[in-house]
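Below: the structure, in structure tokens.
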Amino acid sequence: MARVVLTGGAGFLGSHMCDHLLARGDEVVCVDNLVTGRASNIAHLEDNDRFEFINQNVSDGLAVDGPVDSVMHLASPASPIDFAKIPIEILRVGSYGTHNVLELALEKGAVCHVNSTSEVYGDPVEHPQPESYWGNVNPIGPRSVYDEAKRFAEAITMAYHRVHDLDVRIVRTFNTYGPRMRPDDGRVVSNFIVQALRGENLTIYGDGSQTRSFCYVDDQIEGQIALLDSSYVGPVNIGNPHEFTMLELAEVVMEATNASCELVFQPLPHDDPTQRRPDLTIANRELGWEPAVQLKEGVVKTAAHFAAELGL
Ligand code: UDP
């Protein structure tokens, strides 16, 4: 049994991480300021005596009493709509926030697991993306607040490893979806499912030929826990290698929800990556992990969650 400090534990990914860690017997100290996380995501854990919630912005500081085995940094707004609304907060949690979790890990002699993102590859010219690819990021565009914050987070994490010999993990998370996403998150999977359930038009940005590779949340969390438990230092892609255009995703969502919707075409956001697919060679080799959930199966489960939450 380990004691884990988990930032962003009330968020979409973080709350699933809480569930999985508690299920295997770990103790979880969940730190979240609820800027994009939701109290409802962790309400079911309130009575668990191995779970503690601290309402705190990790960018402002992180103090935890007692022994700690692992510090996991999942806190960050991650949706393109957040990039426009709270850009400074995103830069702060990737920089000050990451510095604070590294300092706590150092003080406690703990492993530090930092969530990075496929966005470090920007609009990739190498495809699929291996961890060795340095990326193609616009450093001053609207997405840069997230991309560069995560690139900084990776850099400072590796610096703590080199300077202090801190035991670190870096996960590069590729587009992940599932229950507890915010219905108004603005991400393509949540948008399409909510639109299909409401019988509305599906909003395709651009011509819908851009691609993403969607990973179901349970697969993502299992991959991340395998990384945490490994001794692999250096970034590891965790995602699903099956790549879809947004037009193909729209078809899958309509099939999964039994909906027949019109497609409406809207402008492509600035710097929207044209393609994205993880190279999973390192995850397969070092962690013996690969994702199991097919897109349609995951969309059916996610749609059931949204239908219940929104009363549709
Ligand atoms: N997208 C879309 N319709 C929507 C929302 C998003 O076509 O209603 C597109 C978006 O332009 C991008 C892709 O879907 O090309 C994935 O967007 P998302 O925000 O989910 O993830 P990210 O761009 O961060 O990978």
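In this chain, numbering begins with 1 at the start of the sequence shown. Here the structure is a predicted model, which means the values were calculated and not measured. For ligands, and for the atoms within them, numbers begin at 1 and follow the listed sequence.
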Give the C-alpha distance, both sets of side-chain angles, the deciding distance and a yes or no for side chain to side chain donor-acceptor pair (under 3.5 Å) between H113 and Q224. CA-CA 9 Å; H113 171 113; Q224 292 207 20; 3.1 Å; yes
Salt bridge (Lys or Arg N to Asp or Glu O under 4.0 Å) between K150 and E119, worked out: CA-CA 8 Å; K150 291 294 190 181; E119 282 281 334; over 6 Å; no
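Taking atom 9 (C) of ligand 1 as the reference point, the nearest protein heavy-atom neighbour is Q210 NE2, 3.8 Å. Of the protein's non-hydrogen atoms, the one nearest atom 5 (C) of ligand 1 is Y205 CE1, 3.2 Å. When only non-hydrogen protein atoms are considered, atom 15 (O) of ligand 1 lies nearest to D272 OD1, 2.6 Å. Nearest protein neighbour of atom 20 (O) of ligand 1, counting heavy atoms only, is V188 N, 2.8 Å. Nearest protein heavy-atom contact of atom 21 (O) of ligand 1 is N175 ND2, 3.3 Å.
Under 4.0 Å from ligand 1, not a single heavy atom of P273 appears. Of all the heavy atoms of L202, none lies under 4.0 Å from any atom of ligand 1, so neither backbone nor side chain is involved. If you look at R276 next to ligand 1, the close heavy atoms, those under 4.0 Å, all belong to the side chain.
Of the N or O atoms in Q195, none lie within a sub-3.5 Å distance of an N or O in ligand 1.
Residue I204 approaches ligand 1 through these ligand atoms, each under 4.0 Å from one of its heavy atoms: 7 (O). Each of the atoms 5 (C) of ligand 1 lies under 4.0 Å from some heavy atom of G186. Each of the following atoms of ligand 1 lies closer than 4.0 Å to a heavy atom of N191: 4 (C), 5 (C), 8 (O). Taking every non-hydrogen atom of E119 and a distance limit under 4.0 Å, the qualifying atoms of ligand 1 come out as 24 (O).
Side-chain contact check for N136 and D123: no donor-acceptor pair (N or O, by modelled atom type) lies under 3.5 Å. Between the side chains of E243 and T211, at least one donor-acceptor pair of N or O atoms lies under 3.5 Å.
Between R92 and D60, at least one side-chain N (NZ, or NE/NH1/NH2) sits under 4.0 Å from a carboxylate O, which counts as a salt bridge. Ion pairing between a basic and an acidic side chain is recognised when a charged N comes within 4.0 Å of a carboxylate O; D82 and R187 show no such pairing. The existence of a salt bridge linking E154 and R151 is excluded, since no basic side-chain nitrogen approaches an acidic carboxylate oxygen closer than 4.0 Å.
Within the 4.5 Å cutoff, the side chain of Y160 has no heavy atoms near those of the V101 side chain.
Among M246, R143, M181, the residue whose heavy atom lies nearest to atom 23 (O) of ligand 1 is R143. For atom 3 (N) of ligand 1, the choice among T176, T203, V189 with the nearest heavy atom turns out to be T203.
Ligand 1 is never approached by S79 to a heavy-atom distance shorter than 4.0 Å.
Other residues, nucleotides and ligands contribute only 12 or fewer heavy atoms inside 6.0 Å of the CD atom of E46.
For the side chain to side chain donor-acceptor pair (under 3.5 Å) test with S15, the passing option among H44, R38, R180 is R180; the others fail.
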